[in-house]
Amino acid sequence: MVNSDIRNEDIILGTQQKVVDAAMAGVETYAPDFILLSQAPSSAMIGTDLAATAEIIASRSGLPTACVDVQGDRDYIYGISRTLETMGRLLLREQSRLPGTVNLLGCNAVDWHGDTLAGAEKLAEAAGCRV
């Protein structure tokens, strides 16, 4: 996780370059497999176009890059759901489907623990699915 360190004066000067610079510094420091930009209410209010910025970062870094709009007027579940959906769209490729199988998506460490996941797997298997 890196911070673009955008401040009030950047609203006038523009924020895109600071976001690009922060992302590229993060790439050098952490060597990530992908980049996910998160847009909060403040960046929406000042007009930061993170979708366009994501395209610039993807072309410069060569990494899969996307933007998630997690506005502050929604709850936590909405934000994490949008984040996981965006990551799935960014990273997963359609593959052949296996009949009678199911994937449990969204089983993140914040909300799920081993017992909860095991219970969900048992419910799916009881319904005749292979997890």
Side-chain angles (χ1 to χ4, degrees):
M1 178 179 286
V2 296
N3 183 349
S4 61
D5 202 32
I6 293 173
R7 298 289 178 247
N8 292 342
E9 62 273 9
D10 296 316
I11 295 169
I12 297 167
L13 302 173
T15 58
Q16 186 175 64
Q17 192 59 50
K18 275 192 129 172
V19 174
V20 171
D21 291 345
M24 297 312 295
V27 167
E28 290 179 26
T29 303
Y30 302 108
D33 294 325
F34 66 96
I35 299 171
L36 194 60
L37 303 177
S38 177
Q39 179 167 315
S42 58
S43 52
M45 287 187 289
I46 62 175
T48 303
D49 187 350
L50 286 185
T53 304
E55 291 178 17
I56 293 168
I57 294 168
S59 69
R60 290 190 187 172
S61 69
L63 295 171
T65 305
C67 170
V68 176
D69 183 1
V70 288
Q71 298 295 326
D73 61 348
R74 302 285 179 102
D75 63 15
Y76 162 81
I77 300 297
Y78 175 82
I80 200 160
S81 297
R82 290 294 308 266
T83 301
L84 291 170
E85 177 185 15
T86 302
M87 287 175 65
R89 290 181 192 277
L90 184 66
L91 300 174
L92 300 176
R93 301 292 175 247
E94 188 170 334
Q95 299 178 13
S96 60
R97 297 184 176 127
L98 302 173
T101 63
V102 63
N103 288 324
L104 298 178
L105 300 177
C107 301
N108 62 78
V110 175
D111 299 319
W112 291 72
H113 54 78
D115 293 339
T116 304
L117 184 56
E121 288 175 358
K122 286 180 184 174
L123 284 172
E125 288 169 352
C129 295
R130 192 179 76 205
V131 177

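For the atom pair Arg130 CZ and Asn103 CG, the distance stands at 10.5 Å (nearest 0.5 Å). Taken to the nearest 0.5 Å, the CZ atom of Arg82 stands 13.5 Å off from the CD1 atom of Ile80. Leu63 CG to Leu36 CG: the interatomic distance, rounded to the nearest 0.5 Å, is 12.5 Å. The CE atom of Met24 sits 11.0 Å away from atom OG1 of Thr29, with the distance rounded to the nearest 0.5 Å.
Every salt bridge (Lys or Arg N to Asp or Glu O under 4.0 Å) that Glu94 has, sequence neighbours left out, goes to Arg97. Arg60 pairs by the side chain to side chain donor-acceptor pair (under 3.5 Å) definition with nothing, not counting sequence neighbours.
Counting only residues at least two apart or on different chains, no salt bridge (charged side-chain N to carboxylate O under 4.0 Å, His left out) pair has a member in residues 19-37.
Residue Val19 comes nearest to Ile57 through the heavy atom pair O-CD1, 4.2 Å, listed as atom of the first residue, atom of the second, then distance. Closest approach of Cys67 and Thr86 over heavy atoms only: O-CG2, 4.0 Å. The two residues Asp49 and Gln16 have their closest heavy-atom pair at O-NE2, 4.3 Å. Closest of all the heavy-atom pairs between Ala54 and Thr65 is O-CG2, 3.5 Å.
Placement of Leu117 and Val131 within a single hydrophobic cluster is found when ILVMFWY residues are connected by side-chain heavy-atom separations under 4.5 Å, directly or transitively.
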